Engineer: 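Okay, here's the structure, questions in a sec.
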Amino acid sequence: MFQGLTGGLSRVLGYTTAPDSSHTIPSIVAEPETKSIAFPAVGSQQRAGTAAPTPSLSLSLPGADSDDDGEALEDQEEDDDDFVSPGAPRLRVNGSGATASKRNSRPLAPSDGQSGGLLPPPSTVKVVKAPKGRVRVEKGFSQLDWAKLNRTGEVDLTGGIPEPIRVTPSELAKHNTREDCWQVYAGRVYNVGPFLRYHPGGVGEMMRGAGKDATQLFMLAHAWVNYETLLENCLVGFLVPEPSS
Ligand code: HEM
């Protein structure tokens, strides 16, 4: 019965516990529904008093953590390279044999009659995982924001080049700063300066191709990305050879 209850709650909260063969499965302590159920079972280890500490499930908010907790969570985040949504409550299951402690002991249901308990809706209990290598872009510089900027057409993304021009490698090389950055992809010259801060891989990665043909760098990083669509309003012209003297 209790395992069923645990499974049900885990599904609701979007949390799963890995089975540990060396310990009993973590469960939620609840009052038996009727007096007729003997718990712990007669003759069991629990009744004999030799069992591990009772497993418990608890929620706590980041702000409510003690210093000790903060460190533990930091360690966990460093290990996993995860980004944990700042407002999300921490969910911790203390299984038998695990590092059960008094920390994070805010109960799921309020036992003191005060408001609280299941404060946030289950949908907010979510760990946002930052993909490896991807940099978190500034607020207002998501891919969606880039799409909006392109759609409105209010900003000239070419940097003042009304018609596509012919660009030589020496001309291309002059546009190699964050403020004025051109790059070549498959023979097309793009003014990528406006896109730099929107790049999910970070400005630094983009700048590796500043003033150059960056096709190879791009393909090595993410051949699946559709640069033609993303940069269509940034087209400056076409790469041509230096004129022979
Ligand atoms: C010098 C050229 C470039 C380099 C070295 C570079 C490098 C990277 C790296 C290291 C990442 C993070 C890894 C990843 O999420 O897969 C990334 C992500 C990304 N870059 Fe670039 N990038 C370049 C140019 C561009 C350009 C020109 C565009 C589009 C116009 C672009 C669009 C993206 C997108 C959409 C992602 C997220 C990819 C994903 O989630 O699968 N990048 N880039």
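Keep in mind it's a predicted model, so treat the numbers as computed, not measured. When a ligand or atom number is given, it counts from 1 through the structure's own listing order. Along the sequence shown, residues are numbered consecutively beginning with 1.
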Engineer: Quick one: does Val167's side chain get under 4.5 Å of Trp182's, heavy atoms only?
Structural biologist: yes
Engineer: Does atom CD (Gln216) have a neighbourhood of more than 12 heavy atoms from anything else shown, all under 6.0 Å?
Structural biologist: no
Engineer: Consider ligand 1: state whether an atom of it lies below 4.0 angstrom from any non-hydrogen atom of Trp224.
Structural biologist: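 Right, Trp224 reaches ligand 1.
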Engineer: Identify which of Trp146, Tyr198, Phe218 has a heavy atom lying nearest to atom 26 (C) of ligand 1.
Structural biologist: Phe218
Engineer: Does some side-chain heavy atom of Phe195 sit less than 4.5 Å from a side-chain heavy atom of Tyr190?
Structural biologist: no
Engineer: What do you reckon, does Tyr227 have a nitrogen or oxygen under 3.5 Å from a nitrogen or oxygen of ligand 1?
Structural biologist: no
Engineer: Given Glu205, Glu228, Arg208, Gln216, identify the one with the heavy atom nearest to atom 10 (C) of ligand 1.
Structural biologist: Glu205
Engineer: Name the option, out of His199, Glu232, Met219, that contains the heavy atom nearest to atom 32 (C) of ligand 1.
Structural biologist: His199
Engineer: In Å, rounded to the nearest 0.5 Å, how long is the span from CG of Leu231 to CG of Asn150?
Structural biologist: 8.5 Å
Engineer: Given His222, Lys212, Met206, Gln183, identify the one with the heavy atom nearest to atom 43 (N) of ligand 1.
Structural biologist: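 Among His222, Lys212, Met206, Gln183, the closest heavy atom to atom 43 (N) of ligand 1 comes from His222.
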Engineer: So is Leu231 in contact with ligand 1, going by heavy-atom distances below 4.0 Å?
Structural biologist: yes
Engineer: I would like to know whether Tyr185 and Phe218 meet side-chain contact (heavy atoms from CB on, under 4.5 Å); could you show each step before the answer?
Structural biologist: CA-CA 8 Å; Tyr185 292 104; Phe218 179 94; 3.4 Å; yes
Engineer: What pairs with Arg166 under salt bridge (Lys or Arg N to Asp or Glu O under 4.0 Å), at least two apart in sequence or on another chain?
Structural biologist: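 Per chain and number, Arg166 pairs via salt bridge (Lys or Arg N to Asp or Glu O under 4.0 Å) with no residue.
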Engineer: By number and element, which atoms of ligand 1 are closer than 4.0 Å to a non-hydrogen atom of Ala221?
Structural biologist: 6 (C), 7 (C), 8 (C)
Engineer: Mind checking whether Tyr185 has an N or O less than 3.5 Å away from an N or O of ligand 1?
Structural biologist: no
Engineer: Checking Arg178 now: which residues fulfil salt bridge (Lys or Arg N to Asp or Glu O under 4.0 Å) with it, not counting sequence neighbours?
Structural biologist: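 Checked Arg178 against salt bridge (Lys or Arg N to Asp or Glu O under 4.0 Å); zero matches.
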